[in-house]
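Notes follow once the structure below has been shown.
Since the model is a prediction, treat every value here as computed from it, not as a measurement. All ligand and atom numbering here is 1-based and tracks the order in the structure.
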Amino acid sequence: MRDETCIFCKIIADEIPSYTIYEDEEFRVILDVNPASKGHALILPKEHYANIYEIEEELAGRAMRLAKKLAVHMTKVLACDGFNLLQNNHQTAGQTVFHFHMHLIPRYKNAKNSDILIWNHENFTPEEMEEVKNALKCSRDSEQG
Ligand code: 5GP
Ligand code: ZN
C-alpha cells in the first residue's frame, strides 16, 4: 500500500533522507523539513492513506495514542511551554502532502511566530447554530462515514 508519487512513502522507504525521531512497525516520526518551531515533527503511518477519510479507524486511534506519548516526551526534552496537534485534510484545509500525517508542534513563550494557528472568528446567528447542530447531531452508533 504505497503511492509511487508520494514523498512520504519515499521517506518511509528510505529513498529520501529524513531526521527520524521514532519508528515502529506501523509508524515513522520525522522532523518537518520546514518547521513551524524547534522540534516540529510529523507522525506518518507507514501505509499510504491520503487523509482522515481514508485511514482505517483503528490505525487513526493508534496514531493519536502515539501523539499523546510523543507530546509528553517532546515537552520534557524540549522544555516547550505548549503543544499543538494538527492534522490537515484536503487542499482547502491546508494539506499539501496527501499522505495522512499528524503534526506535533512544540510551542515556546516569546517565539517569533507565536501567532501560528490563530484564526479569525466567524459569526453565526442562534438560528444558524441551531441548524448546524441539528445537521451534525449524532450518537456513538451513528454511521459517520
Ligand atoms: P500539510 O500541509 O500537508 O499538513 O503538511 C505537510 C508538511 O510536510 C509540511 O509542514 C512540510 O513542511 C512537510 N514536508 C513536505 N515535504 C517534506 C519532506 O520532503 N521532508 C520532510 N521532513 N517534511 C516535508
Ligand atoms: Zn504515501
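Contacts between Ile11 and ligand 1 below 4.0 angstrom, taking non-hydrogen atoms only, involve the side chain exclusively. The residue Phe98 has no part lying near ligand 1, judged by heavy-atom distances below 4.0 Å. At a 4.0 Å heavy-atom cut-off, ligand 1 touches Asn34 through backbone and side chain alike.
In this pair, Tyr53 and His90 present their aromatic rings tilted. The plane angle is within the 30 to 60° band. Classified by interplanar angle (parallel below 30°, tilted 30° to 60°, perpendicular above 60°), the ring pair His40/His103 is tilted.
The shortest N or O to N or O distance between Thr96 and ligand 1 is below 3.5 Å. Considering backbone and side-chain N/O of Phe8, none are found under 3.5 Å from N/O of ligand 1. Distances between N or O atoms of Ile30 and those of ligand 1 include no value under 3.5 Å. Ligand 1 has no N or O atom lying under 3.5 Å from any N or O atom of Leu42, backbone or side chain. Residue Asp32 has at least one N or O atom closer than 3.5 Å to an N or O atom of ligand 1. The N/O atoms of Val97, backbone and side chain alike, include one that comes under 3.5 Å of an N/O atom in ligand 1.
Counting all heavy atoms, side chain and backbone alike, Gly39 lies closest to Met74 at O-CE, 3.1 Å. The shortest non-hydrogen separation linking Ala71 to Thr75 is O-OG1, 2.6 Å. Shortest non-hydrogen contact noted between Ala63 and Ile43 is O-CD1, 3.9 Å.
The one candidate from Val97, Val29, Ile30, Thr20 that meets the side-chain contact (heavy atoms from CB on, under 4.5 Å) condition with Leu44 is Ile30. For the salt bridge (Lys or Arg N to Asp or Glu O under 4.0 Å) criterion with Lys46, the lone passing option out of Glu25, Glu26, Glu23 is Glu23.
Heavy atoms of Ile7 come nearer than 4.0 angstrom to ligand 1 in at least one pair. At least one heavy atom of Gly94 lies less than 4.0 angstrom from ligand 1.
Every atom of ligand 1 is numbered from 1 in the order shown, and the set under 4.0 Å from a heavy atom of Asn88 is 1 (P), 2 (O), 4 (O). Of all atoms in ligand 1, numbered sequentially from 1 with element shown, those under 4.0 Å from a heavy atom of His103 are 1 (P), 4 (O), 5 (O), 7 (C), 10 (O).
Looking at heavy atoms from C-beta onward, Phe8 lies out of side-chain contact with Arg28 at the 4.5 angstrom threshold. The shortest distance between side-chain heavy atoms of Phe27 and Leu59 falls below 4.5 Å. No side-chain heavy atom of Glu54 sits under 4.5 Å from any side-chain heavy atom of Phe100.
Taking the Zn ion (ligand 2) as reference, His99 places its N/O/S atom ND1 nearest. Closest approach between the Zn ion (ligand 2) and any N/O/S atom of His48 involves ND1.
Remark: side-chain polar atoms of Glu128 are not paired, donor with acceptor, to backbone N or O of Phe124 under 3.5 angstrom.
Among all non-hydrogen protein atoms, the one lying nearest atom 5 (O) of ligand 1 is His101 NE2, 3.0 Å. Summary of contacts: the protein heavy atom closest to atom 16 (N) of ligand 1 is Val33 CG1, 4.2 Å. Looking only at protein heavy atoms, the nearest one to atom 22 (N) of ligand 1 is Leu31 O, 2.9 Å.
The Zn ion (ligand 2) forms the vertex of an angle spanning SG of Cys6 and SG of Cys9; to the nearest 10 degrees it equals 120°.
For Tyr108 and Asn110, the side-chain atoms include no donor-acceptor pair closer than 3.5 Å.
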